[in-house]
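Excluded from the calculations below are hydrogen atoms, water molecules and symmetry mates; all remaining heavy atoms, backbone and side chain alike, are included. Numbered from 1 within each chain, the chains take letters A, B, ... in sequence-line order.
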Amino acid sequence: MFEEPQAALVAAALDEQVPGAAALGAVRYVERLLTALDHDPPRLWAGVGPWAADGGPEWIPLGPWERDAWQQRIDGWRAVYGRVARGDAEPGDAAVLHAHACEAVYGDPAYGGNLGAGGWQRIEFPHPLFPPRRVDQ
Amino acid sequence: MTTTDDCDVVIVGSGPGGATAAEVLTAAGWHVVVLEKGRNHLVALDPPHEPLRHFSNDEIAQTRRHLLGPDPILEPRTYRRSEADGDRLLIGEVNNLPSTVGGGGVHADAKLPRFREEDFHLRSARGPVEGAAVEDWPVQYDELEPHYAAVERSFGVAGEDGANPFAAWRSGTFPMPPGDDMPGALASAAAAERAGLHPYRAPTGVNSVAYDGRPACADCGFCGGYGCPIHAKGEPLAALQRALRTGRCDLRPDAYVTDIVLDTSGRRATGVRYLDLTGHPDPAVREVRASRAVVLAAGAFETPRLLLQNRLGGDLVGRFLTYHFQTFVVGIFPGSTGGERGRSVTHLHDDLMIDTPELRAAAAAAGLPWLRGGVVEHGSREGPIGEALTYPAGKAHLRAMTDSALRRRLWAFTVQGEDLAQTGNRVDLDPTVRDVWGRPAGRVTYRPHRHELAASAYAIPIHEAVMLDAGAQAAFSATSPPQGDLDLHAESSPLGIAPSSRHVMGTARMGRDRATSVVSPEQRLWDVDNVLVCDASVFVTSSGYNPTLTLSALAHRAATLLAGTSE
């Protein structure tokens, strides 16, 4: 959803929070978060996916009220990233960027960040057991 | 409004208390409807009621995106320390136990110690404390013991017989041997023993071996705060499954109970009304009629909130709110403490709960008759996102994460300090903040008694010394709620300014005198006696032990008395 040069500004802002975040997929993480509700089920809660013996859900559906809450959050974040992409971020936006950079670098790769589990590798965090891998969707 | 089919008992809440009541009542042949406000991520509603397998080792879904609920945008809560703070200090998350099928049992790492005999008659044993409402319970340990044993079998508790020299008597052995030790706990337990303390392997509702059709724990490391991916935790899944498999339990998620329906006398409940949250934006109002009883098991925050909205239970509803006053003694070690695998806590010690000359002297120095600390948990566990959020941005962030003082090299003692009941500490209804369905938000008013501060101050130097002896390079301590400059903590504390403890208790106190309690010894409301409370709301004192096993044993007892069966 970010096109150049906006993507570069977002990447730089995320890198400023957590160095190396962009290389680990942080922009992609943010793009997937901001478009999560465009999918059915929304891509907000990863299911166990191919790890489960019986298949299991790929993405866990939200209830209608939960969807409302997430729409409200995402609308707020879209405004933040709009400012960042225009190069006129406000001081209060840093908290959102910091949280998302941390999630992108150290969270489950199912959400688009932590490419190749590189965020975990650089802090020697052992790969989770359940699931042992995620399939990039 | 739709009136659904009748049942014998309608149960509000599907956590450990509600699940236990459902198990007992359905075993007695009764039909129950269990209404759960939250979503269902735990168990299939259709036979054979297998686990849904929604949980994985996913820090984002479970700690950042409210998978287990409640979402604070939909269900805000408010907090203040006292009336002097005005209507509130903050709006958002306050002691949010999961709002989901299974309730607080889903996210807990399931430390399930029993209380000790003294916990049930603290007033008689230790005496009163000025400014606190220390009372004896109307039920004593000996009467509760068979129910403790029953819920230990139901959930599946692993523990080491005879390991805790201060434990209450028990009629039988633990259902399972203890699980694997965390390496950090072996070091801290050895140092604690050198200091004259008495650590032991924590009784835990996590399978150490295959039990009741569920596998042994795989020590994945995502335990406290997470739903179990393989359901090695039996609390309360096992009880819910047993109830469901009788065919006499109808479990309904997304059911937000708003009204307790009374008959024309106003002295007897005939059922409840709820919002069916599968409907949106106008949820249907439905009613369930119950011929025998209504059981409230929504937890010590939501149960008083429901009672207050219905003006039931009397003037003491919501008062005597207690938590555990938590003291964290943190050790930073030169290398990894191994906390990334295993359960979150594998060892405990009870020494601060015991009446000793040293604690008496500390109490006297503080101008108090006695002090009780709490059980001390030896543990670790912070996910990498949680750790990352505590560090500043930029190059310093990367260095801090690589160094990992607050995760990989951290080990901690958590003192679950006894919190003395005070009449001013309470849950009530916020005057203006509403949830998304237009109902008043619950509000906490809480500040600790000086007993808690003195007990914490006593514990800190002892445990910092133990931590250093265990090999830590440095040790420091913090409390929740934080003490000192509130503004400073609002900016700096990852735990926030409200109590971070999820151990919420005491808001519908049980007793023998209706003038000083909300429910009877049988856990029935004094003013509507077929409404029972089966959660930690009924606690008279907080003790210093994790509350889940005791609230479940009490629910087991109350449901057994209701059904007229025996244990």
Side-chain angles (χ1 to χ4, degrees), chain A residues 15-21 29 33 36 44-49 51-57 59-73 94-95 97-108 110-111 113-114 119-120 122-132 134, chain B residues 38-39 41 50 52-62 64-67 69 71-75 218-222 228-230 253-254 256 277-281 283 336 340-341 383-399 401-404 407-408 436-437:
Chain A
D15 266 347
E16 192 175 325
Q17 296 295 322
V18 177
Y29 173 86
L33 176 59
L44 282 166
W45 297 331
V48 293
W51 160 71
D54 60 357
W59 294 90
I60 300 169
L62 273 67
W65 302 94
E66 292 164 330
R67 189 181 180 93
D68 279 356
W70 278 97
Q71 186 68 63
Q72 185 176 327
R73 281 193 185 91
L97 291 164
H98 187 64
H100 290 167
C102 292
E103 291 168 1
V105 172
Y106 305 113
D108 195 303
Y111 299 97
N114 194 4
W120 289 335
R122 78 181 193 183
I123 60 169
E124 299 179 47
F125 182 70
H127 201 292
L129 298 181
F130 305 115
R134 294 284 194 191
Chain B
R39 302 277 314 283
H41 299 295
E50 292 298 317
L52 288 178
R53 291 184 173 273
H54 281 192
F55 305 132
S56 57
N57 296 162
D58 181 353
E59 193 178 5
I60 287 179
Q62 297 198 51
R64 304 290 300 159
R65 296 189 180 176
H66 310 289
L67 172 65
D71 190 313
I73 288 179
L74 304 177
E75 301 180 68
D219 289 323
C220 70
F222 288 75
C228 181
I230 59 172
D254 305 291
Y256 178 13
L277 299 183
T278 61
H280 178 275
S336 171
E340 291 155 332
R341 292 283 192 245
I385 297 173
E387 181 188 30
L389 291 168
T390 64
Y391 295 145
K395 289 181 179 175
H397 177 97
L398 207 53
R399 282 196 300 274
M401 283 300 287
T402 305
D403 188 49
S404 196
R407 182 181 53 82
R408 193 159 50 90
V436 74
W437 303 284

- Query: Hey, does the side chain of R64(B) reach the backbone of A99(A) with a donor-acceptor pair shorter than 3.5 angstrom?
  - Reply: no

- Item | Largest heavy-atom contact set with chain B, pairs under 4.5 Å, which of A94(A), G63(A), A101(A), G119(A) | G63(A)

- Begin from the C-alpha positions of R65(B) and W70(A) and carry the test side-chain contact (heavy atoms from CB on, under 4.5 Å) through to its verdict. CA-CA 9 Å; R65(B) 296 189 180 176; W70(A) 278 97; 3.6 Å; yes

- Query: Does NZ or CZ of R407(B) fall inside the cone over F125(A)'s six-membered ring, less than 6.0 Å from its centre and within 45° of the axis?
  - Reply: no

- Gap between atom CD1 of I60(B) and atom CG of D108(A) - 0.5 Å precision: 6.5 Å

- Nearest 0.5 Å please: distance from the CZ atom of R122(A) over to the CE atom of M401(B). 8.0 Å

- Item | Any donor-acceptor N/O pair, H98(A) side chain to Y391(B) backbone, under 3.5 Å | yes

- Message: If you compare all heavy atoms of G394(B) against all heavy atoms of P19(A), which two are closest, and at what distance to 0.1 Å?
- Response: O-CD, 3.3 Å

- Message: Set out, in order, the CA-CA distance, both residues' side-chain angles and the distance that settles side-chain contact (heavy atoms from CB on, under 4.5 Å) for R73(A) and D71(B), then state yes or no.
- Response: CA-CA 11 Å; R73(A) 281 193 185 91; D71(B) 190 313; 2.7 Å; yes

- Please tell me if the side chains of W65(A) and D254(B) come closer than 4.5 Å, counting only heavy atoms from C-beta onward. no

- Return the minimal non-hydrogen interatomic distance between C220(B) and L129(A), and the atom names on each side. CA-CD1, 3.6 Å

- Query: Can you check side-chain contact (heavy atoms from CB on, under 4.5 Å) on H66(B) and L44(A), steps first, answer last?
  - Reply: CA-CA 10 Å; H66(B) 310 289; L44(A) 282 166; over 6 Å; no

- Query: Atom CZ in R408(B), atom CD1 in I123(A): separation rounded to 0.5 Å?
  - Reply: 8.5 Å

- Query: Most heavy-atom pairs under 4.5 angstrom with chain A, which of G383(B), G279(B), S336(B)?
  - Reply: G279(B)

- Contacting moiety of D68(A), where chain B heavy atoms sit under 4.5 Å: side chain

- Aromatic rings H41(B) and W45(A): how do their planes relate, parallel, tilted or perpendicular, breaks at 30° and 60°? perpendicular

- Item | For the student: nearest non-hydrogen atoms of G107(A) and I385(B), plus distance | CA-CD1, 3.6 Å

- Query: Heavy atoms, side chains only, cut-off 4.5 Å: are I73(B) and Q71(A) in contact?
  - Reply: no

- Could you look at T278(B) and say if it's the side chain, the backbone, both or neither that has a heavy atom under 4.5 Å from chain A? backbone

- Task: Working to the nearest 0.5 Å, report the span between NE2 of H397(B) and CD of E16(A).
- Result: 13.0 Å

- Message: Once rounded to the nearest 0.5 Å, what's the spacing between atom CZ of R39(B) and atom CD1 of I60(A)?
- Response: 9.0 Å

